[in-house]
S.K.: 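Pasting a structure below so you can have a look.
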Amino acid sequence: MLENLNEEQLEAIKTTEGPLLVLAGAGSGKTRVLTTRVAYLVSEMGIDPSNILAITFTNKAAKEMKDRIYKMLGSLAYDIQISTFHSFGLSILKEHYKELGYDKNFTILDSDDSLTVVKKIMKDMDLDPKKFNYKMIRNRISSAKNELMSPKDLERFIGNDIDQLVVDVYRKYQDKLEINNSLDFDDLLMLPITLFRKYPDILARYQERFKYVLIDEYQDTNEAQYILTKLISSKYKNICVVGDNDQSIYSFRGSNYQNILNFEKDYKNAKVIMLERNYRSTKQILDVANTIIKNNKLRKDKNLWTDIEDGDKVIYHRSLNEKDEAFYVKEKIEELRKTSPLSEIAVLYRTNAQSRNMEEALLQANIPYKVVGSIYFYKRKEIKDLLAYLSVVYNNRDDINLLRVINVPKRGIGTKTIENLEVQARISGKSIYEVIDSGKELEFKRIIEDIKEKQENMSLTELVDYILERTGIREELTSDDTIENEVRLENLEEFKSITKTFEEERGIVSLEEFLDELSLVADATEYQNNTDVVTLMTVHSAKGLEFDNVFVIGMEEGIFPHQNSLMESSDVEEERRLCYVAITRARKKLWLINCKTRTLYGMDSANPVSRFIKEIDDDLLIKENIQDERKVITKANMIDKNAEYNIGDKVSHDTFGVGVVVSIDKSIVTIAFPHPIGIKMLMKGHKSIKKI
C-alpha cells in the first residue's frame with residue numbers, strides 16, 4: 001500500500017492526528033495520498049471505517065475515490081462516508097428533516113427549477129423582466145445562502161432599491177419552497193448548518209461519528225462548506241485538507257481560496273506538508289507554469305519539479321486570425337494522430353464561444369471530436385418533463401414541477417386556469433395539487449393518482465414506461481412523425497436504460513433513492529463514452545483532467561485574461577491561476593496560440609498578446625514565424641461553396657450511412673441519421689457526403 005511513495009507523500013499519509021494541510025501541486029499524486037491515507041487509517045491505525053468522512057467536489061471524483069479505497073480495503077470501504085459536499089448535506093437532511101420542519105418526501109429543485117420559481121414570483125410582483133434581471137436575482141439569493149444569510153440577515157445590507165427587491169423576492173422564494181416541501185441545491189449546505197447550530201446535541205453526535213475528516217480541493221470551498229466542515233471537525237480536530245491555492249478558479253461560484261491560506265490561523269497547531277514533485281508533465285511544461293504563477297502575490301510559494309525527461313519545448317504560435325488559428329491546430333492534430341490517439345488531444349479555451357471555428361476546422365477535416373459542456377442529457381426538454389412527472393408522483397406538493405407538466409402534453413389547461421389555481425393555493429396556504437377539484441386539471445390529478453397507485457407494483461423502468469403511456473407523451477411524439485419528435489422519443493427510451501442500470505447496480509427500485517441520485521448529478525457531461533475523439537472544452541471544464549497533447553487558444557488580452565477581470569488585481573490573479581491550470585493539463589506537448597486579429601461575439605478586434613505569454617522567459621518557448629502560415633488562410637477557406645442542400649434531402653455518408661438534412665447554416669449542414677447515430681453537423685461539400 002505504501003510502496004513507490006515519496007517522502008512527503010508518506011508523511012502526509014502517516015500524520016493521522018491533528019489538523020493537517022497538504023499543499024498539493026498539479027500532478028503531484030494528491031488523489032493517491034488521500035485514498036491511501038484513508039486506507040492507512042483503517043488497516044494500520046485500526047480506525048473504525050464508520051468514523052471517517054471523506055469529501056470531494058464532484059460525483060466523478062467521489063466515485064474514483066470509492067473505487068480506489070475499495071481496491072485497498074475491500075468490503076470495509078462500504079462503511080466509510082465518501083461523498084460530495086451536497087450529497088453529505090442531503091444525507092444529514094434525510095435523517096433530520098423533521099427538526100427542520102419538512103416532510104420525509106421533500107424534493108430538490110435544480111438550478112432551472114429555482115429560476116422558474118424566481119421568475120414566477122417576479123411576475124406576480126408585476127416586475128418588468130427587461131428592467132429586473134431574474135437570473136441576477138436568483139444568483140444573489142444563491143450567494144446569500146452560500147454566505148449563510150436568511151432574508152432577515154440580508155436586510156441588514158440593504159443599500160438601494162435593488163437590494164430591497166432581492167430581499168423581498170428571497171423571502172417569497174423561501175415561503176414558496178416551504179409550501180412545496182422543496183429544497184434547492186444551496187439548502188443542502190445551508191440547512192445542515194442551521195440544524196447543527198439549533199441542535200448542539202445533533203452536532204455532537206456527528207462529531208462523535210466522524211472523528212477523522214478529509215477534504216479534497218479545499219481551495220474551492222465556499223463559506224457554507226467551510227463552516228460545515230469546521231463544525232463537524234471542531235471536537236477532535238483530526239482534519240486533513242488537501243488542495244492547491246494556485247488552482248483556485250471558482251470564485252464566480254462563491255469559492256474562497258483564502259480558506260486554504262487561512263488554515264494555519266484556524267488551527268494553530270496545524271502541520272503543513274508540500275507536495276511539489278510532479279508526476280504528470282515534462283520539465284519544459286512545468287518551467288512555463290512556474291514562471292507564470294510566480295507573478296501572483298496572494299499565494300503560498302511552492303515550485304513544481306519533476307524527474308521526468310525535459311521533453312519538447314512549449315510552442316508559442318501567433319496566427320493571423322481565428323480561422324488561421326483553428327486551421328493551424330487542425331493541421332497539428334492531423335500530424336499528432338499518426339502517433340497519438342485522438343483521446344490524448346485537447347483544445348482548451350477561455351470562453352465557449354471560441355469553440356465554433358475550431359469545430360468547423362475539425363468538421364472539414366473529418367476529425368471526430370466532442371465538446372464538453374454542450375447540452376447535457378438531463379437538461380433536454382423531454383427529459384426534464386419526464387423527471388418533473390416522477391417528482392410530482394413522489395411529492396404532490398412540488399408546485400414547480402407540477403406547473404411544468406400540468407399541460408404536457410397539451411390537455412387544454414390554459415394560462416388563466418393555472419393562474420386561478422395559483423391564487424387559490426396562495427390564499428389557502430396549500431399546494432396547487434391540493435386545491436385542484438374540477439375541470440381538465442382534475443383529469444391531470446387523476447392521472448397522477450393512477451400512476452401513484454400503479455407504482456407500488458412496478459420497477460422504476462416499468463414506471464417510466466407507464467408514465468410515457470398514461471400521460472400521452474409517447475402518443476404525442478409518435479402521432480407527428482418528425483425527425484425532432486423521433487429524436488425526443490429516442491432520448492426518453494434511453495432514459496429507461498438509466499433506470500435499468502440503477503436497478504441492476506443497486507438492486508433497488510426506490511423512486512426516492514433514484515431521484516436523490518439524479519438530483520446530485522453534476523451539470524457538466526462526465527465522459528460517458530471513452531471514444532477516440534479530440535476533446536474541446538473551456539479551461540474551467542478541464543480542471544482535474546490531463547492529456548498528452550494540449551492546445552490553449554486565444555492567448556490574448558481581453559480573452560485570456562478575460563476582459564471582465566482586467567479592472568481588479570485579484571481577478572487577474574484568478575485568471576493567472578486559470579492559465580496555470582490550463583498549462584498543467586499537458587503531459588508531453590503544449591501549444592500556446594493567439595491571433596493578430598479576431599472576430600468574436602460579432603466584433604472585430606486586434607487584441608494585444610496575453611500578459612501571460614509575456615511573463616514566460618523567452619528561452620522556454622519556441623516562437624513560430626507567422627509568415628510561414630499565410631498559405632494556411634487559403635486552405636482554411638477551401639470549402640466547397642457550390643454544394644447546395646435543401647431541408648429534407650436524403651444524403652449518404654461514408655461512415656454514418658443514409659440520413660436526412662434537417663437544417664442548413666452557412667458552411668454547415670445538419671443531418672439526422674438513424675438511431676443510434678443521431679444528429680450530426682457536417683461541412684457542406686465534404687467528400688464523405690453524397691446527395692442521393
Side-chain angles (χ1 to χ4, degrees), residues 102-110 112-113 116-117 120 176-183 378 381-426 428-478 488-489 492-493 495-496 498-499 502 509-519:
Y102 291 90
D103 292 339
K104 184 177 185 297
N105 63 334
F106 63 80
T107 48
I108 302 163
L109 308 185
D110 66 14
D112 286 349
D113 293 333
T116 299
V117 177
K120 184 69 185 66
K176 185 69 172 174
L177 262 59
E178 287 174 17
I179 289 172
N180 284 199
N181 192 36
S182 297
L183 312 176
Y378 293 103
K381 180 189 180 300
E382 61 274 18
I383 301 301
K384 291 276 287 180
D385 289 345
L386 176 56
L387 284 172
Y389 267 112
L390 288 168
S391 295
V392 173
V393 168
Y394 175 60
N395 174 17
N396 301 154
R397 289 162 56 194
D398 184 347
D399 282 2
I400 296 89
N401 279 308
L402 181 143
L403 289 174
R404 182 181 180 91
V405 293
I406 193 170
N407 202 36
V408 175
K410 294 190 184 305
R411 46 177 64 94
I413 301 175
T415 305
K416 191 66 180 173
T417 299
I418 292 172
E419 287 176 353
N420 289 337
L421 287 172
E422 288 179 295
V423 170
Q424 286 181 53
R426 190 160 57 244
S428 62
K430 297 180 179 179
S431 68
I432 290 175
Y433 193 88
E434 291 172 295
V435 300
I436 291 175
D437 60 7
S438 64
K440 292 178 179 176
E441 58 270 30
L442 184 57
E443 293 176 21
F444 166 79
K445 187 173 184 176
R446 286 170 179 157
I447 290 172
I448 300 299
E449 292 294 330
D450 176 56
I451 295 171
K452 282 175 66 70
E453 182 182 339
K454 298 287 197 305
Q455 173 203 351
E456 296 176 5
N457 300 310
M458 288 181 172
S459 68
L460 283 171
T461 307
E462 289 169 340
L463 174 61
V464 169
D465 228 351
Y466 189 68
I467 287 175
L468 295 180
E469 197 66 42
R470 184 68 176 84
T471 61
I473 291 176
R474 181 179 280 127
E475 181 180 357
E476 182 188 54
L477 293 176
T478 52
R488 285 182 173 177
L489 192 57
L492 290 168
E493 296 296 336
F495 190 90
K496 289 192 292 184
I498 296 171
T499 55
F502 180 85
V509 293
S510 163
L511 179 58
E512 174 187 358
E513 292 189 42
F514 181 65
L515 290 173
D516 286 348
E517 179 84 359
L518 286 190
S519 71

S.K.: Using the side chain to side chain donor-acceptor pair (under 3.5 Å) rule, pick out the option among Asp399, Asp385, Asp112 that qualifies with Arg404.
M.R.: Asp385
S.K.: Among residues at least two apart in sequence or on other chains, which ones pass salt bridge (charged side-chain N to carboxylate O under 4.0 Å, His left out) with Asp113?
M.R.: Lys384
S.K.: More than 12 heavy atoms of other residues, nucleotides or ligands under 6.0 Å from NZ of Lys452: is that the case?
M.R.: yes
S.K.: Between Arg474 and Asp465 (salt bridge meaning N to carboxylate O under 4.0 Å), is one present in this structure?
M.R.: yes
S.K.: Under the criterion side-chain contact (heavy atoms from CB on, under 4.5 Å), I'd like the reasoning laid out for Ser431 against Asn396: C-alpha separation, chi angles, the key distance, then a yes or no.
M.R.: CA-CA 8 Å; Ser431 68; Asn396 301 154; 5.9 Å; no
S.K.: Please test Lys176 against Lys120 for side-chain contact (heavy atoms from CB on, under 4.5 Å), starting from the C-alpha separation and ending with a verdict.
M.R.: CA-CA 10 Å; Lys176 185 69 172 174; Lys120 184 69 185 66; over 6 Å; no
S.K.: The test is side-chain contact (heavy atoms from CB on, under 4.5 Å); show your working for Lys381 and Arg488 and say whether it passes.
M.R.: CA-CA 9 Å; Lys381 180 189 180 300; Arg488 285 182 173 177; 4.2 Å; yes
S.K.: Rounded at 0.5 Å granularity, tell me how far CD1 in Ile451 sits from CD in Glu469.
M.R.: 11.0 Å
S.K.: Begin from the C-alpha positions of Leu183 and Leu109 and carry the test side-chain contact (heavy atoms from CB on, under 4.5 Å) through to its verdict.
M.R.: CA-CA 6 Å; Leu183 312 176; Leu109 308 185; over 6 Å; no
S.K.: Taking the side chain as every heavy atom from C-beta outward, state whether Glu441 and Asn420 have any atom pair closer than 4.5 Å.
M.R.: no
S.K.: Any salt bridge between Glu512 and Lys104, counting N to O under 4.0 Å?
M.R.: yes
S.K.: Looking at side-chain heavy atoms only, is the closest gap between Ile448 and Tyr389 below 4.5 Å?
M.R.: yes
S.K.: Once rounded to the nearest 0.5 Å, what's the spacing between atom CD1 of Ile473 and atom OG1 of Thr471?
M.R.: 3.5 Å
S.K.: Salt bridge check, Arg446 against Asp450: does any charged N sit closer than 4.0 Å to a carboxylate O?
M.R.: no
S.K.: How many angstroms lie between CD in Gln424 and CD1 in Ile432, if you round to the nearest 0.5 Å?
M.R.: 10.0 Å
S.K.: Should Leu390 and Phe495 count as side-chain neighbours, where that means a heavy-atom distance under 4.5 Å?
M.R.: yes
S.K.: Apply the side-chain contact (heavy atoms from CB on, under 4.5 Å) test between Leu421 and each candidate in Val435, Ile413, Leu403; give the one that qualifies.
M.R.: Val435
S.K.: Between Asp398 and Thr107, is any side-chain donor less than 3.5 angstrom from a side-chain acceptor?
M.R.: yes
S.K.: Spell out, as yes or no, whether a donor-acceptor pair under 3.5 Å connects the side chain of Asp103 to the backbone of Asn105.
M.R.: no
